[in-house]
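These notes concern the structure reproduced below.
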Amino acid sequence: MLTRLRSLLRALTGRRRFEEGMAAELRSHIEQYTQDLVRDGLPPAEAARRARLEFGNLDSVKDDCREARGLRPFDTVQQDLRYAVRLLRKTPGFTVTALATLALCLGANLTIFAVIDSVLLRSLPFPEADRLVSLYNTYPRAGVPNDGVSLTNYYERRNGQVAAFSWLAIYKEGRAVIGEAGATEQEPVTRVSPEFFSTLAVRPSLGRAFTEDETTYGRSRVVILTDAYWRQHFNADPSALGRTLRVDGNPFLIVGVLPPGFRFLSSPSRLYFPLASSPEQRAPERRHWGDQAEMIARLAPDVTVAAAQEQVDAQNTALEKTNPRGKAMADAGFRSMVVPLHRSHVAAVRPTLLLIQVGVLFLLLIGIVNLVNLLLIRASARLRELAIRQAMGASRRHVASSVMVETSVLTAMGAALGLAVGAVGIRLLLALGADRLPLGAQIAFDGRLALVALAAAFALGVAIATPIAWYNLRTNVSTALYTESRSGTLSRAAQRLRHGFVVAQIALAFVVLADAGLLALSLKQVMAVSPGFRTDHVSSGRISPPYSRYPNDKVRLDLIDRMLEAIHRQPGVITAGVTSNVPLSGNTVKSAATVKGYSPPAGVPPHGHYSYSVTGDYFGAAGIPLREGRLFTPDDARRPERVCIVDEDFARRYWPGRTAIGQRLFMGASQDTDDKAFTVVGVVGAVKQAGLADQEQQGAVYYTFRYRGADEMFLVARTALPPDEFAATLRRIVRQIDPELPLSDVQSMDTRVAESLVTRRSPAVLAGLFAAVALLLTAIGTYGVLSYAVAQRRREIGLRIALGARPDQVRAQFVGLGLRLLAAGGTLGLAAAWLTGRAMQTMLFRVPPLPWAILVGTTVIMLVVSLAASLWPSYRATRISPMQALNDQ
Amino acid sequence: LRKTADLLPGTLDMLILKAVSLTPLHGYGVLLRIRQISGNALDIPQGSLYPALYRLEHQGLLAAEWGESENNRRAKFYTLTASGRRRLREETASWNRLASAIGAALKTAPDQV
């Protein structure tokens, strides 16, 4: 076997040498034989003739020799290839249509697959990443599905206290001001516990990880750089270790550099700090509602997620027994969930991505159906030629393989073009915001994609060739020579096949179109939701005054006042304010507020609310309406009286049917003494903090900065100028007041709303694009089949016209055929669209599975497309000249 | 009247292997050698010689090498490989068994039945 393979390979790779050697060998044989014959006394001319005669046909001997070497199949394929290319060049219209279809459909699939591959399929870039899990506390009945974990959770679980985890760590993403005065930058950073990198099984490529000692305040001024940061700011100099970096105005010692390419999930952080805390922060009383962080862990070998979940549940049960508030937590449905890290990280986008992938697969299916139909029509036209070839001895295998070669040439070229389309498509997707998907930063066009394209080209080649080869082979040679020629009757099976494919195509296009409509309608519904604040002409930007330079509330308040004053002085500024969190900022942390004298009915858990600190005219600037009472006055920030404002959701929850004004509440999860109570002075409208589609009435409390300090603040200004023009002004003001304080996340509220919709808008835009392509393909498919039907029935039509049929009768015949196909496909598509609409319910906002508007709209569009595709072939049918048609062939 | 016998199917390979086993030969030489060792009784069709040679080479029973022929021409010489030698031994043995069995069968007289 091996010898034969080697011999075949040698002949294939040195094909020229093989052919020349063979020719020389045979020639020399004939010459020697001629000489021997001459020696025997024959005249030379006669000898040469005899020698050639006795040797036999030189070409057929050569062929036999080639076959003995196993070269025959390769030669056949080569012949078929040449034939296929010649055929494709002879019909440029068909070839261009087919290649465009393939390129578009394959390109779209490759693009989406690149995203699915990066986000869903590829495992996280850590060793044994499938053992990484994430843990979070959930209080579902308190309206807090994910509350991260507390420092207490971490100190109670680390170091093997839960046997299921070989490593356990917490981290907290934040921001820090990096650099010397005048050249500061706000950098996203991550604060981590010492075993964070061990949990990920990543070791710094230079220096060391953090130590236990560095989790204490005062000793935590150390930093680990990512490779990228080290290269950019330290020129990849190893002596950066031991140098210092100014962080929030303080020198931090550089102790390590991470390996190249390190990136934790989608985190943009390029600097890592130890997560420091005090013993009080780690106390059992702060297990719930404590300092929040995120927790990851590495499962011990052979431990399943379910087993780890059991151990965590058991530990929680044991710990909560001694918790005086354990009952309330249990009522809130408290549990600590253990979930696979990768899956939970991408869980939110998974259904949307899969939906889009299904959408493009539909598109591919429509494209294939189109191609098969076009090829079937071609095959019918070539049936006679094929029958003659078969009659002259072409084997069935050869007939099948030559079809395969032809379709493979098409699909291979289509795949190559598809890769080009895919490369463009990925750019388009990134422009649509794909890089902001979790793990979206690694979306790339790479070898894996090319490999998939190759495999797809091959699979498609076979898939498309199969029905064609089947059609070619099932046709009896003698009847083929007869039926599709002069007699003019169609082969029934072929016709049914072609029509069946068009029906399938129409059904698929109907589904894609209807689903695109659903997504668009859903987007429209979301956009119609009032965000609860004014979006136009409102600018906002974030500052994080470092505690090192702004250590107490007094100086922080002064800073804010100075900024507000400066903003107010700008021409075109209508009003301005400061808040600790703007709507749609992405920060949706909830906290507790306890209404004085309110004890929740048995079994009703305490509820999480949004908490804001505000000053200046924030409500005026953001356009949040006052419903009752009054807003904060400048005095409120200075006076010792504790006052607060609640939103209407909060007021309705605790004081339904009564006024909220004058009511009192406590910040935090428990009743307290009267001097700590906040008096409600006003009720404002509710805003959508998490997203426009968020329907949870969470409730919100607004405090003054005096009683609720904040790490970061948003400056919010309403201006007469467009926000884009005001952004520069805002930056200048901040720089003038404190050159070391960076302003980040500068966006208009319009932009924030638009950004918050990107996960809905992008799929809708893509689906619209797919629908357009699907319609185009369907139109091509319908047009092709009807044109063929007209061509096939030329004689019949000619006869009818000769016998007096009116043009509109002839036209009706073909338009009718188009409509019948549409009716069948539409009915199927309707059922399928209803099913897919139901499957998409979780992704839709206030849209039923198949609303009337979508149903009617889709039907009308399909009708228009089908009619348009039928009209030209039908018109041509009426123009057939009876004389010519009857004289054909 | 023909002086030469037609070849039995399957015997051509065996004869080529035998011819080459005596001394390395080029294609035309194989033809002459078979004629010679069969006492001019066997004449093989020239057209089928080369496909057979190529097949045997493909199967690794023959090795081929380009060299100089007796009259200073470039020629492709065939030699027997180790597996070719083994194959020739097997085929010879099985031919002999077949020939003697057929011989014995054809010699049978009526009284021996």
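Chain A is the first sequence line, chain B the second, and so forth, proteins listed ahead of strands; every chain is numbered from 1. None of these values were measured; they are calculated from a predicted model.
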Would you say that more than 12 heavy atoms from the other residues, nucleotides or ligands in this model lie under 6.0 Å from the OH of Tyr83(A), or not?
yes
With sequence neighbours left out, write down each residue that passes side chain to side chain donor-acceptor pair (under 3.5 Å) with Thr81(B), or none if nothing qualifies.
Ser83(B)
Does any part of the side chain of His29(A), heavy atoms only, come nearer than 4.5 Å to the side chain of Leu49(B), both counted from C-beta?
yes
Qualifying residue, where the test is side chain to side chain donor-acceptor pair (under 3.5 Å) with Tyr54(B) and the options are Glu25(A), Arg66(A), Lys62(A)
Glu25(A)
Student check: side-chain heavy atoms of Arg55(B) and Glu67(A) closer than 4.5 Å
no
Separation between CG (Leu31(B)) and CD (Gln32(A)), nearest 0.5 Å, reads 10.5 Å
Can you find a heavy atom in the side chain of Gln46(B) that is under 4.5 Å from one in the side chain of Val61(A)?
no
Quick one: what part of Leu8(A) sits under 4.5 Å from any heavy atom of chain B, side chain, backbone, both or neither?
both
Selection residues 456-465 of chain A - residue pairs positive for side-chain hydrogen bond (donor to acceptor under 3.5 Å, both in side chains), sequence neighbours left out:
none
Would the number of heavy atoms belonging to other residues, nucleotides or ligands and lying under 6.0 Å from CZ of Arg17(A) be above 12?
no
Tell me, do Tyr50(B) and Leu26(A) make a side-chain contact under 4.5 Å, heavy atoms counted?
yes
Considering only heavy atoms, which portion of Leu56(B) lies under 4.5 Å from any heavy atom of chain A: side chain, backbone, both, or neither?
neither
When only heavy atoms count and the cut-off is under 4.5 Å, which of residues 90-104 of chain B reach chain A?
none
Do you know which two heavy atoms are closest between Cys65(A) and Pro51(B), and how far apart they sit?
SG-N, 3.6 Å
Of all the residues in residues 36-58 of chain A, which have a heavy atom that comes within less than 4.5 Å of a heavy atom in chain B?
Asp36(A), Glu54(A), Phe55(A)
Atom pair CG/NE2 of Leu5(A) and His58(B) - distance to nearest 0.5 Å:
8.5 Å
